[in-house]
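Sequence lines set the chain letters: A, B, ... in the order given, protein chains first and strands last, and positions in each chain run from 1. FYI, side chains are in, hydrogens and waters are out, and symmetry mates aren't considered; it's all heavy atoms of this structure.
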2 protein chains.
Amino acid sequence: MFKKILIAEDMEDINKGVHTLLTELGVSQIDQVQYCDDAYLKVKKADLDKEPYDLVVSDLSFKVDHRLQTYTSGQALVEKLKEEFPNLKVIVYSVEDRLQAVRTLFNQHNIDAYVCKSRNGLKNLSLAISEIAKGETFLSPEVSNAFSSANELEIDDYDISLLDNLSKGLSQDEISALYRKENISPASLSSIEKRLNKLRIQFNANNAIHLVAIVKDLGLI
Amino acid sequence: MFKKILIAEDMEDINKGVHTLLTELGVSQIDQVQYCDDAYLKVKKADLDKEPYDLVVSDLSFKVDHRLQTYTSGQALVEKLKEEFPNLKVIVYSVEDRLQAVRTLFNQHNIDAYVCKSRNGLKNLSLAISEIAKGETFLSPEVSNAFSSANELEIDDYDISLLDNLSKGLSQDEISALYRKENISPASLSSIEKRLNKLRIQFNANNAIHLVAIVKDLGLI
DNA sequence: ATTCCTCTTACGGAAAACCGTAACTCTATT
DNA sequence: AATAGAGTTACGGTTTTCCGTAAGAGGAAT
């Protein structure tokens, strides 16, 4: 089990909650910071002192305040940490459930676990820790389909067209009529509903508005 | 009229076109760069040599390539230039027509003109130059409503919050419940419907999806 | 030809969004 | 105190979206 852990989390209450959990798990040294820069400095110093951290648990979003930060987000912090200390284990603990963000963190920045803050957040966090201790990675159930093979790159031109038309204000009915006129298949309302449902699941969107907002952020349309 | 002008534009053909126009306008010294950093260095050097530029015409987007740049966008370049050389006149010449971007350039970075690359791009550019020479600012007709439009100024924080929550996938019902909990008024479903209806009319949106897509494009959320 | 599989379409019910109308609250003004 | 006006809320009806189920259409493979 891990002996020395750092928590980076700006919300004091959550920070404390995680601290309690880690204490219960028997971690002997637990340090806490509320700013990304402090996190980096602590890890850096610990490394120089030859007493490196075993694990960092970091949030993604940190409220900005008067203190100017070099690393303005958990993402930036994690990137830097994993770059400079590849052996350091990192758990991202965040409310964020956008699959693309999760994918990026794993693929680009090689994090070891992603845990969603939710009703079972702490439980999953403790699961994550034991998995990592065994050399495994961990993914919260809320975002478990971030890698489920099927959805990876299976967004085709039809999907894009659908999303584009939605974003232009057409109703599903109107899109159906349009596709019938232009001989685009499938054109039935039912198929369009089905496809949009698939996309909603893929992108973890609650509804069509959310879906369009997400794919616009991703630059897909 | 201006005597010494710098063109910052990565596309060679456009760069050349602007050069030709300026020559026709009787500008005696016209320099061209294809990288933001080169632009900054040239302006800096000219200033140190006591032969400063009168005007910079800059694009917004520069393709990234092997040359690592300190200033990776026209926006960053303009910001730096206006900060260090407030007297230097700056025209932004770009295809970008997002109103929010235009507003930011004028309000935050104090540019002197914004010209859209379009059919009449060069004509507007020459108009802009003569306006600036008279001490005026200039705004391309394509984006002329970035400031004039009354409708955009009537959007308050509540509207933004509403749109933001919508884009995050909350239903109108959920937003109502949220506002009740957080004592944000108005919180009733009816009022939320009404406000969204007003926004749909203002932005010429067919439905909520369309509305969110539009305000995202405008950079409002 | 039959089976199996996948894609498309159809349908029906529940939920949410859309839209008009009317009532209620609060404030300012006389 | 009375009234007008703007903002908020309530409510009913229609349309659209959401979601599950099931039937039809077409292809591939024995």
Legend entry - 5' priority, DNA chain D, between A/L196 and B/S191 [closest heavy atom]: B/S191
Rounded interatomic separation in angstrom, taking [atom1] from [X] and [atom2] from [N]:
| X | N | atom1 | atom2 | value |
| --- | --- | --- | --- | --- |
| A/I192 | C/dC7 | CD1 | C1' | 14 Å |
| A/R200 | C/dA15 | CZ | C1' | 12 Å |
| A/H210 | C/dA16 | NE2 | P | 16 Å |
| B/N207 | C/dC18 | CG | C1' | 10 Å |
| A/N197 | C/dT9 | CG | P | 17 Å |
| A/I209 | C/dA16 | CD1 | C1' | 10 Å |
| B/N206 | C/dA17 | CG | C1' | 14 Å |

Inset, instruction - For DNA chain D, note the earliest and the latest nucleotide, 5' to 3', having some atom under 4.0 Å of a heavy atom belonging to chain B. - result: D/dT8 to D/dC11
Kindly indicate whether the side chain of [X], heavy atoms from C-beta on, has any atom under 4.5 Å from the side chain of [Y].
| X | Y | value |
| --- | --- | --- |
| A/D65 | A/Q34 | no |
| A/D31 | A/K42 | yes |
| B/L21 | B/S126 | yes |

Inset, instruction - May I ask you to verify whether the side chain of B/K194 and the base of C/dT21 hold a donor-acceptor pair under 3.5 Å? - result: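 Flag set: donor-acceptor pair detected.
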Legend entry - Interface with DNA chain C, restricted to residues 165-190 of chain A and to heavy atoms under 4.0 Å: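 Contacting residues: A/R180, A/P186, A/A187, A/S188, A/S190.
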Compare every heavy atom of [Y] with every heavy atom of [X], then report the nearest pair and how far apart it is.
| X | Y | value |
| --- | --- | --- |
| B/G169 | B/E174 | O-OE1, 4.0 Å |
| B/F106 | B/F138 | CZ-O, 3.5 Å |
| B/K82 | B/I111 | CE-CA, 4.1 Å |
| A/Q172 | A/I192 | O-CD1, 3.9 Å |

Legend entry - Sole residue of A/L163, A/N204, A/N206 in side chain to side chain contact (heavy atoms under 4.5 Å, CB included) with A/L211: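 Answer after filtering A/L163, A/N204, A/N206: A/L163.
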Inset, instruction - Please determine which of A/S161, A/S191, A/S188, A/S185 meets the side-chain hydrogen bond (donor to acceptor under 3.5 Å, both in side chains) test together with A/Y179. - result: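 Going through the options one by one, the only one that passes is A/S161.
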